[in-house]
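Residues: numbered from 1 along the sequence shown.
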Amino acid sequence: MTTVVQTYDHELQPIKGWYPFVSLDKTAPLDEEYLATLTAWPKGRVGYIHTNGKFRLADGQNLTTQMPYYLWHGGSDLDTISKGVGVDGRLEWANALPAGVITGLPATGAYEIQTTEFDTSATYPPNTFLTAGVDADNVPGLLKPISGSVSTNWVCGIASLHCNERWDQVTQPTSAKGVNAHGKAVLTLHTYFLPKLS
């Protein structure tokens with residue numbers, strides 16, 4: 001059985017602070033060897049640039065001073081993968097756009113963003129420090145609240161206050177977690193970076 005991923009199931013949406021062609025972002029190649037070790041690489045996850053110069057997904061437990069990036073693309077998105085292969089290794093299609101790269105928003109940019117890629121079972125009062133962890137399938141880059149001391153964690157964001165609900169469902173938010181106009185659970189946050197100190 002094939003699992004169909006809908007357009008808005010996984011996404012990163014800048015709310016404030018990012019403007020095309022003038023705001024800080026970074027485009028780098030996708031680490032295809034690393035991608036092959038994962039069951040998925042959804043867009044909207046937190047990543048970093050590995051020493052090989054390519055994007056990987058972030059697990060805050062294993063990182064110290066690496067810059068966090070909020071990744072706009074997924075590892076298998078058609079505007080990311082560099083080629084398509086058909087039956088028996090024959091080339092069935094090729095991407096018309098320059099591909100094989102991912103764009104990310106650095107956590108040092110003054111951005112407020114929303115992502116679908118967070119631990120939905122956790123609570124997110126405003127000003128909660130965030131790090132990246134793994135999901136139930138052991139895929140990294142999923143946002144979660146920090147437990148314990150901030151100085152002993154790789155911090156990549158701070159929970160904001162939810163916004164951008166459907167016009168007919170607007171409520172007064174008290175949390176960074178909410179539902180966006182597409183009906184998807186999202187986390188609203190400010191990008192922020194604090195390296196792991198110990």
Side-chain angles (χ1 to χ4, degrees), residues 10-18 23-28 30-31 34 38 40-75 102-164 173-178 180 184-198:
H10 305 281
E11 72 173 324
L12 175 75
Q13 185 64 45
I15 302 300
K16 296 265 178 106
W18 184 84
S23 293
L24 184 63
D25 57 34
K26 188 65 175 177
T27 300
L30 161 82
D31 190 332
Y34 172 70
L38 302 174
W41 181 325
K43 59 179 138 182
R45 296 271 170 133
V46 181
Y48 69 100
I49 297 176
H50 188 263
T51 55
N52 65 9
K54 299 178 180 182
F55 273 122
R56 290 187 174 188
L57 293 179
D59 178 355
Q61 296 298 312
N62 302 320
L63 300 174
T64 53
T65 61
Q66 295 87 342
M67 171 64 66
Y69 288 90
Y70 288 87
L71 303 177
W72 225 309
H73 307 93
I102 289 183
T103 299
L105 303 179
T108 57
Y111 306 124
E112 184 174 25
I113 60 176
Q114 280 183 343
T115 183
T116 55
E117 304 305 301
F118 69 103
D119 179 0
T120 57
S121 67
T123 57
Y124 298 89
N127 305 310
T128 300
F129 283 91
L130 307 170
T131 190
V134 297
D135 63 17
D137 296 321
N138 210 33
V139 176
L142 191 75
L143 284 171
K144 62 180 189 174
I146 287 179
S147 58
S149 171
V150 172
S151 66
T152 59
N153 285 276
W154 186 76
V155 179
C156 59
I158 300 176
S160 179
L161 195 58
H162 178 69
C163 60
N164 289 354
T174 58
S175 168
K177 184 166 63 170
N180 67 9
K184 304 297 181 183
V186 292
L187 184 68
T188 304
L189 65 130
H190 296 288
T191 58
Y192 178 77
F193 177 44
L194 181 65
K196 186 175 180 179
L197 301 178
S198 59

Asks: Can you name the side-chain contact (heavy atoms from CB on, under 4.5 Å) partners of S23, sequence neighbours left out?
Replies: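 S23: side-chain contact (heavy atoms from CB on, under 4.5 Å) contacts with W18, Y19, Y111.
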Asks: Got a list of side-chain donor-acceptor pairs under 3.5 Å for residues 132-146, not counting sequence neighbours?
Replies:
residue, atom, partner, partner atom, Å
D135, OD1, D137, N, 2.9
D135, OD1, N138, N, 3.1
D135, OD1, V139, N, 2.9
D135, OD2, R45, NH1, 3.4
D135, OD2, R45, NH2, 3.0

Asks: Could you check whether any side-chain N or O of D119 sits under 3.5 Å from a backbone N or O of S121, counting only pairs where one atom can act as donor and the other as acceptor?
Replies: yes
Asks: Verify side chain to side chain contact (heavy atoms under 4.5 Å, CB included) between W154 and D59, making sure each step is shown before the conclusion.
Replies: CA-CA 9 Å; W154 186 76; D59 178 355; over 6 Å; no
Asks: Would you call K54 and I102 a side-chain contact if the rule is heavy atoms closer than 4.5 Å?
Replies: no
Asks: Nearest heavy-atom pair of H73 and W41: which atoms, and what distance?
Replies: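 Heavy atoms only, the tightest pair is O-NE1, 4.1 Å.
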Asks: For the CZ atom of R56 and the OG1 atom of T51, what is their distance to the nearest 0.5 Å?
Replies: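 Taking CZ in R56 and OG1 in T51, the distance rounds to 7.0 Å.
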Asks: First locate atom NZ of K26, then atom CG of L105, and finally report the distance between them rounded to the nearest 0.5 Å.
Replies: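 K26 atom NZ to L105 atom CG measures 13.0 Å (nearest 0.5 Å).
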Asks: Could you walk me through whether L71 and F55 satisfy the side chain to side chain contact (heavy atoms under 4.5 Å, CB included) test, starting with their C-alpha distance in whole Å, then the side-chain angles of each, then the deciding distance to 0.1 Å, before giving a yes or no?
Replies: CA-CA 9 Å; L71 303 177; F55 273 122; 3.7 Å; yes
Asks: Please confirm whether the backbone N or O of C163 pairs with a side-chain atom of Q114, one donor and one acceptor, at under 3.5 Å?
Replies: yes
Asks: Name all residues meeting the side chain to side chain donor-acceptor pair (under 3.5 Å) criterion together with T152; count only those two or more places apart in sequence or in a different chain, and write none if there are none.
Replies: none
Asks: Given 3.5 Å as the limit, does a donor-acceptor pair link the side chain of T65 with the main chain of P195, or not?
Replies: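 Such a contact is absent between T65 side chain and P195 backbone.
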Asks: Go through the steps for T116 and K43 under the test side chain to side chain contact (heavy atoms under 4.5 Å, CB included), then give the verdict.
Replies: CA-CA 9 Å; T116 55; K43 59 179 138 182; over 6 Å; no
Asks: Please check: side-chain N/O of S151 versus main-chain N/O of L197, any donor-acceptor pairing under 3.5 Å?
Replies: no
Asks: Without swapping roles, check the side chain of S160 against the backbone of T188 for a donor-acceptor pair under 3.5 Å.
Replies: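 No; zero donor-acceptor contacts below 3.5 Å.
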Asks: Run L24 and T108 through side chain to side chain contact (heavy atoms under 4.5 Å, CB included) and show every step you take.
Replies: CA-CA 9 Å; L24 184 63; T108 57; 4.2 Å; yes
Asks: Minimum heavy-atom separation for T128 and P125, please, with both atom names.
Replies: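 That closest heavy-atom pairing would be OG1-O, 2.6 Å.
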Asks: Return the minimal non-hydrogen interatomic distance between L57 and Y48, and the atom names on each side.
Replies: O-CE2, 3.4 Å
Asks: State, with a plain yes or no, whether a side-chain heavy atom of N180 is found less than 4.5 Å away from one of Q13.
Replies: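 Side chain of N180 against side chain of Q13, heavy atoms only: no contact under 4.5 Å found.
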Asks: Determine the minimum heavy-atom distance between F118 and K177, stating which atoms define it.
Replies: CE1-CD, 3.5 Å
Asks: To check you understand the geometry: which heavy-atom pair defines the closest contact between D25 and P106, and what is its length?
Replies: CA-CD, 3.8 Å
Asks: For the backbone of L130 and the side chain of Y192, can you confirm whether one donor and one acceptor N or O come within less than 3.5 Å of each other?
Replies: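 Pair absent, no side-chain N/O of Y192 close to backbone of L130.
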Asks: Looking at S175 and Y124, would you say the former's side chain and the latter's main chain have a donor-acceptor pair under 3.5 Å?
Replies: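 Yes, S175 side chain to Y124 backbone: donor-acceptor pair under 3.5 Å.
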Asks: What is the distance from atom CG of N62 to atom NZ of K196, rounded to the nearest 0.5 Å?
Replies: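 Separation between the atoms: 7.5 Å.
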Asks: So which heavy atom on P14 is nearest to which on I113, and how close?
Replies: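 Minimum heavy-atom contact is CA-CG2, 3.9 Å.
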Asks: Are Y70 and V46 side-chain neighbours, meaning at least one heavy-atom pair lies under 4.5 Å?
Replies: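 They are in contact (side-chain heavy atoms under 4.5 Å apart), so the answer is yes.
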